[in-house]
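By convention in this document, chain letters (A, B, ...) are assigned in the order of the sequence lines, proteins followed by strands, and residues within each chain are numbered from 1.
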Protein chains: 2
Amino acid sequence: MTEPKSRARRGVEKSEILQAAFDLFAEVGEASFSIRKVAAIVGVDPMTVLHHFGSKDELLRAIADHGLRSVEMPAATPNWRDDLRAVAKAYRMLAHHHPRVFPLHFRYNATGPADHISSEIVYCALRRAGLTDTAAAGLGLAFYAFVLGFALAEAEGLLRAIGPSEEAELSALDPTKYHATQDLIPVLKTLDPGLAFEDSMDVFISGIADLARSRPRQKPVVTCEAKCA
Amino acid sequence: MTEPKSRARRGVEKSEILQAAFDLFAEVGEASFSIRKVAAIVGVDPMTVLHHFGSKDELLRAIADHGLRSVEMPAATPNWRDDLRAVAKAYRMLAHHHPRVFPLHFRYNATGPADHISSEIVYCALRRAGLTDTAAAGLGLAFYAFVLGFALAEAEGLLRAIGPSEEAELSALDPTKYHATQDLIPVLKTLDPGLAFEDSMDVFISGIADLARSRPRQKPVVTCEAKCA
DNA sequence: GTGTAAAGTCTACACCGTAGAAGTCAAGGG
DNA sequence: CCCTTGACTTCTACGGTGTAGACTTTACAC
């Protein structure tokens, strides 16, 4: 009761608008998204929406941030492999939950708290794996590229088991040139993206372990290990 | 002189329009791209553009295909690792050359000839590495997700060495919670995306070799090996 | 010629983001 | 109390967009 509607329900409207905008975007996608529709849903003038967010671009950025804020990062565990897998899974689940919003995270490199938290987990895991700082920084980026790329491809509907039409298309190719592709048609038809993702994460982790063995860091990361272990 | 302008310069206009559309998109990006601007550049009515491509969406798809068609895939070599690296490099170069067009390849999963050719190279390489067909199919997707994800992130300007403002932001974080991140600031400042990409490819390839050792395919891929080697 | 079919154009419409002016209304000082 | 203030909301209007539908032009087949 302290400030029920002080200064014309300040702040309340803004989050309400953002929620409506997010829901609309998540449902219809970017092509059918417009400020005017958001305004109609909230029951407000289009210019009110613009007044709170400045521009459509800013609104989209806010939507991206809102989506990223909803993902909760797992706590660090003693096992750096599990930590990497957990972060990867969290982002993939985010993409599955709001596939139409997910591309926005790429466009506006959303740097919310979740971003920093996950970065910390990833960097910490890579150092505990035994990587040098330089390698950890580079592989950290690669990790994100892989996870976000995979999740984005899934969200865009690119990574699915192939259907009859794609099978026909591949079968029609010149067998002398596309032998391997055509040999894989049976497994491509029953491919499970989730399984492929987990297998690929294992491959990535395995490669990281190899790198750490061949080029280990000079001294263990005491503070990091102490904190995370 | 056989058909200088037979049937009202059929075909000539269309490719001319596509080229202009591609150039415009590559220069100004999606936000400032419009059918009417393309028409103005070619010196033609906006409806002419639409008449040839059906809709803006189809035009964008054509732009994506046009970009993909420009990348020339390397020939297969005896070394499957080199083949994977070469395909990865080709896509990354594509993203570097036309960063604004690149996101379109994700939105419309462009399936041009280059797509099939590169798939064949990748699948063939993965089988020669010793992977089972199931693993080859899954890891093939992972390979594309990683390469395209990395290239996309670079094209969107996400993967750069951090600047003073980002450094300040990271430094301002709670040191007890973001120790690893802050330790890596020095290397993040001088990070080279190209080097990180190559290192990451090596990690990925190393992981694939591990997987092939632990779960090898039953019999060698005679036809594929014979063709590619 | 006439027919035909594709290529190109014109007009018009609904929708979009948003600049700028105007209106509304709670809070605070006199 | 009135009056100013300033955030919030709304109204109006403008230039730009994609594109449907009708029209005109063009170039070949007959």
About how many Å separate CG of B/L24 and OG of B/S32, when rounded to the nearest 0.5 Å? 8.5 Å
Charged N-O contact under 4.0 Å between A/K177 and B/E120: no
Got a salt bridge between A/R107 and A/E30, using NZ or NE/NH1/NH2 to carboxylate O under 4.0 Å? yes
Whole angstrom is fine here: how far is it from [atom1] in [X] over to [atom2] in [N]?
X	N	atom1	atom2	result
B/E16	C/dG8	CD	C1'	14 Å
A/K56	C/dC15	NZ	C1'	11 Å
A/F53	C/dT18	CZ	P	13 Å
A/L59	C/dC16	CG	C1'	14 Å
A/R36	D/dT17	CZ	P	16 Å
B/I35	C/dT9	CD1	C1'	15 Å

When the nearest nucleotide of DNA chain C is assigned to A/K37 and to A/G54 on a heavy-atom basis, which residue is associated with the more 5' position? A/K37
For [X] and [Y], does a side-chain donor sit closer than 3.5 Å to a side-chain acceptor?
X	Y	answer
B/D174	B/T176	yes
B/Y108	B/D57	yes
B/S119	A/Y178	no

If you count the non-hydrogen atoms of other residues, nucleotides and ligands that lie under 6.0 Å from NE2 in B/H96, is the total more than 12? yes
Can you tell me if NZ on A/K56 sees more than 12 non-hydrogen neighbours from other groups inside 6.0 Å? yes
Set of residues satisfying ring pair (Phe, Tyr, Trp, His ring centres under 6.0 Å) with respect to B/F143, sequence neighbours excluded: none
So, using ring pair (Phe, Tyr, Trp, His ring centres under 6.0 Å) as the criterion, who are the partners of B/H66 when residues are at least two apart? B/F22
Does anything in residues 40-51 of chain A come within less than 4.0 Å of DNA chain D? Heavy atoms only, and list the residues if so. A/V44, A/D45, A/M47, A/T48, A/H51
In residues 18-33 of chain B, which residues come under 4.0 Å of DNA chain C by heavy atom? none
End-to-end axis angle, where each axis spans five pairs of the helix from C/dG1-D/dC30 to C/dG30-D/dC1, to 10°: 20°
Set of side-chain hydrogen bond (donor to acceptor under 3.5 Å, both in side chains) partners for A/D45, sequence neighbours left out: none
Strictly below 4.0 Å: does A/H52 bring a side-chain N or O up to OP1 or OP2 of D/dA7? no
